[in-house]
Amino acid sequence: MRNDMNDLAKNIRKVAFGLLSLLVVLLFYLTYIQVVQSDFLIAHPLNRRTLEASRMIPQGMILDKSGEKLAYSKKVGDSFKREYPYGSIAAQVVGYDSITYGRSGVESTFNSDLTGNNTSIAHLGAVSHLFTNRSGNNVVLTLDATVQETAYKALGNHKGAIVAINPNTGAILAMVSKPSFDPNEIDQQWKRISTDKNSPLLNRVTQGLYPPGSTLKVMIAEAARREKVIDLKEKIYCEAALKIPPDYILQESHLEAYGNINLEEALAVSSNVFFGTLSLKLGYKKMKNTFERFGFKRSVGQELQEVASHLPDFSSLGDGDLVQTGIGQGSLLVTPLRMAMLASSFANEGKIMRPYLVDKITGLDGSLIKTFAPEEWLTPTTPQLADEISKMMVKVVRNGTGTAASLPGVLVAGKTGTAENSQGDSHAWFIGFAPADNPQVAIAVIVENAGFGGSIAAPMARQVFKAALQ
């Protein structure tokens, strides 16, 4: 009998110890949720509590730089619904706000400002709503609605992206991605939008990865001058193809032989042979260093949610792969935003400003709550080299492959690109800035599966330049 009692006591102790252990684990988990994960969960676009709470107050407006409404709250019954006057034109930038499908874009990233929620007390749960504002704050973007709409219309029915930035500040003036969607119809059309094979929810400016093609040649030209592998007067004889042992052949577009040409002439005609030769002269170490100097391995921050560039493993590249990289092909993949930033480095005396989308946060009465100042991000090259490349890019537009981007009375600098694509027809590119003698806007245009950059992307760039400079 005594043994049975001892066994029972032992079993009770085991069960108690087990329950106590589970309680300790539960307490640790709750502490982890409350302390470590709380900020993430509070800001999560699918947090049902914050979604429901935001419906009970008029959220702040999302405005362009001139005060144009891009999003605002409209009272419907006892709650509020978000309205988007520009619809699909600014959809990927502004985003959407859905009680069922959460939030995206600025609606998500700056939700605490738009709702006026105090995130420092949001950990209190439902109690925190007793201390929140009765209305949200306005988020004023750097976006120019006129330039945004012009870029959207310029893309027409093509898939692709256009981004325009102020090279002196990094302020984003336009960010267009197509195909797009209407955020006013997000609840009704979610199934169609979310399953569309053309990915209308994807912001191609920051999340689309493409081979940059010949637009990259401006950077290779800078590297060749910086590393002194060529001078401005030196010429290279360019046949229709460059043979690279043991069996690789780099061909010119249309198999055209350019003969003896210098760096400026090679950039104007976009000679593959010339820039393939420069890539071999630079070698993989200097090529790798060039990409790192221009920030292709660095993040620009969380606000824009840009995906990382895909760079090749330079140390393992053969000569054929190296020249492919030097003309913007091979395994190299970058976002349109990165190429606009590359163009801006030559527009801004060798400096790249960190790109940003939000200018300020204001109260409903117009009071200034927070501002976002321009910030220098990198200085990858010197003012002298930036000026050299800038002048070469002017020649590209004046009498090279980029003439379709020219504007009467305005000096335009640019570079076209036609990037081969293993999944279909070539992508059309243009990067550049204007006015070249006093840069105010730098842009990148990518048109998927559209052919030649000079005939497709450059005319689109021209429209955007015109709108931005008016």
**Q.** Ser88 and Lys178: side chain donor to acceptor below 3.5 Å
**A.** no
Q.
Heavy-atom count check: over 12 atoms from other residues, nucleotides or ligands less than 6.0 Å from Glu349 CD?
A. no
(Q) Once rounded to the nearest 0.5 Å, what's the spacing between atom CZ of Arg293 and atom OG1 of Thr381? (A) 6.0 Å
Q: To the nearest 0.5 angstrom, please state how far the CG atom of Leu202 sits from the NZ atom of Lys159.
A: 11.0 Å
Q) Taking the side chain from His310 and the backbone from Leu332, do they hold a donor-acceptor pair closer than 3.5 Å? A) no
Q: Measure across Ile165 and Ala340 and return the closest heavy-atom pair with its distance rounded to 0.1 Å.
A: CD1-O, 3.9 Å
Q) Do Ser270 and Thr401 get their side chains close enough for a donor-acceptor pair, meaning under 3.5 Å? A) no
Q. Do Asn203 and Ser177 meet the criterion of a side-chain donor-acceptor pair at a distance under 3.5 Å?
A. no
(Q) More than 12 heavy atoms of other residues, nucleotides or ligands under 6.0 Å from CD of Gln188: yes or no? (A) yes
Q | Any side-chain heavy-atom pair of Arg398 and Leu411 under 4.5 Å | A | yes
Q.
Do Tyr86 and Glu68 have side chains that approach each other closer than 4.5 Å (heavy atoms only, starting at C-beta)?
A. yes
(Q) Looking only at side-chain N and O atoms, does Glu252 offer a donor or acceptor that is under 3.5 Å from a partner on Ser271? (A) yes
Q. Regarding Ser73 and Arg82, is there a side-chain donor-to-acceptor distance under 3.5 Å anywhere?
A. yes
Q: Measure the spacing between OG of Ser344 and CD1 of Ile443 and express it to the nearest 0.5 Å.
A: 12.5 Å
Q | Check: Thr100 and Trp190 side chains under 4.5 Å, non-hydrogen atoms | A | no
Q.
For a 4.5 angstrom cut-off between non-hydrogen side-chain atoms, does Thr169 reach Tyr356?
A. yes
Q | 4.5 Å side-chain heavy-atom contact, Gln92 and Phe181 | A | yes
Q: Report the distance from atom CE of Met353 to atom OG1 of Thr379, rounding to the nearest 0.5 Å.
A: 9.0 Å
Q) Above 12 or not: heavy atoms from other molecules or residues under 6.0 Å from NZ of Lys75? A) yes
Q. Within the side chain of Thr115, is there an N or O that forms a donor-acceptor pair under 3.5 Å with the backbone of Gly136?
A. no
Q: Look at the side chain of Gln148 and the backbone N and O of Met175, then say whether any donor-acceptor pair between them is shorter than 3.5 Å.
A: yes
Q | Closest contact, heavy atoms only, Ala413 versus Ser390 | A | CB-O, 4.0 Å
Q. Between Gln440 and Leu469, is there a donor-acceptor pair closer than 3.5 Å when you use the side chain of the first and the backbone of the second?
A. no
Q. Can you find a heavy atom in the side chain of Thr325 that is under 4.5 Å from one in the side chain of Phe314?
A. yes
Q: Answer with yes or no whether the side chains of Asp97 and Gln59 bring together a donor and an acceptor at under 3.5 Å.
A: yes
(Q) Given 3.5 Å as the limit, does a donor-acceptor pair link the side chain of Glu222 with the main chain of Ile389, or not? (A) no
Q: Check whether more than 12 heavy atoms from other residues, nucleotides or ligands sit under 6.0 Å from atom NZ of Lys288, and answer yes or no.
A: no
Q.
Are there over 12 heavy-atom neighbours, none belonging to Glu292, within less than 6.0 Å of that residue's CD?
A. yes
Q. Salt-bridged, Arg338 to Glu306, with N to O below 4.0 Å?
A. yes
Q: Answer yes or no: is there a side-chain heavy-atom contact under 4.5 Å between Asp64 and Leu141?
A: no
Q | Short side-chain to backbone donor-acceptor contact, Ser104 and Tyr96, under 3.5 Å | A | yes
Q: Evaluate the ring planes of Phe346 and Phe294, with Trp represented by its six-membered ring, and classify them as parallel (under 30°), tilted (30 to 60°) or perpendicular (over 60°).
A: tilted
(Q) Contact between Leu155 and Met460 at the side-chain level, heavy atoms closer than 4.5 Å - yes or no? (A) yes
Q) Is there a side-chain contact (heavy atoms from CB on, under 4.5 Å) between Leu317 and Met287 once you walk through the steps? A) CA-CA 11 Å; Leu317 292 184; Met287 286 277 282; over 6 Å; no
Q. Is a side-chain donor or acceptor of Asn348 paired with a backbone partner of Pro167 at a separation under 3.5 angstrom?
A. yes
Q: Tell me, with the steps shown, if Phe430 and Ile456 meet side-chain contact (heavy atoms from CB on, under 4.5 Å).
A: CA-CA 9 Å; Phe430 181 91; Ile456 301 296; over 6 Å; no
Q.
Does Leu364 form a side-chain contact (heavy atoms from CB on, under 4.5 Å) with Asn138? I'd like the steps, not just the answer.
A. CA-CA 7 Å; Leu364 293 186; Asn138 297 329; 3.8 Å; yes
(Q) Between Arg354 and Glu375 (salt bridge meaning N to carboxylate O under 4.0 Å), is one present in this structure? (A) yes
(Q) Would you say CG of Asn157 has more than 12 non-hydrogen atoms from neighbouring residues, nucleotides or ligands within 6.0 angstrom? (A) no
Q | Side-chain donor/acceptor of Asp425 to backbone N/O of Ala450, under 3.5 Å | A | no
Q. Does Ser299 reach the main-chain N or O of Gly301 with its side chain, forming a donor-acceptor pair under 3.5 Å?
A. yes
Q.
With rounding to the nearest 0.5 angstrom, report the CG to CG distance, Leu342 to Leu337.
A. 11.5 Å
Q: Applying side-chain contact (heavy atoms from CB on, under 4.5 Å), run through Lys65 and Val140 and close with a yes or a no.
A: CA-CA 6 Å; Lys65 61 183 293 187; Val140 182; 5.6 Å; no
Q: Measure the acute angle between the ring planes of Phe291 and Phe296, then classify it against the limits of 30° and 60° as parallel, tilted or perpendicular.
A: perpendicular
Q. Would you say Arg103's side chain and Ser98's backbone share a donor-acceptor pair under 3.5 angstrom?
A. no
Q) Once you round to the nearest 0.5 Å, how far does OG1 of Thr335 lie from CE of Met341? A) 8.0 Å
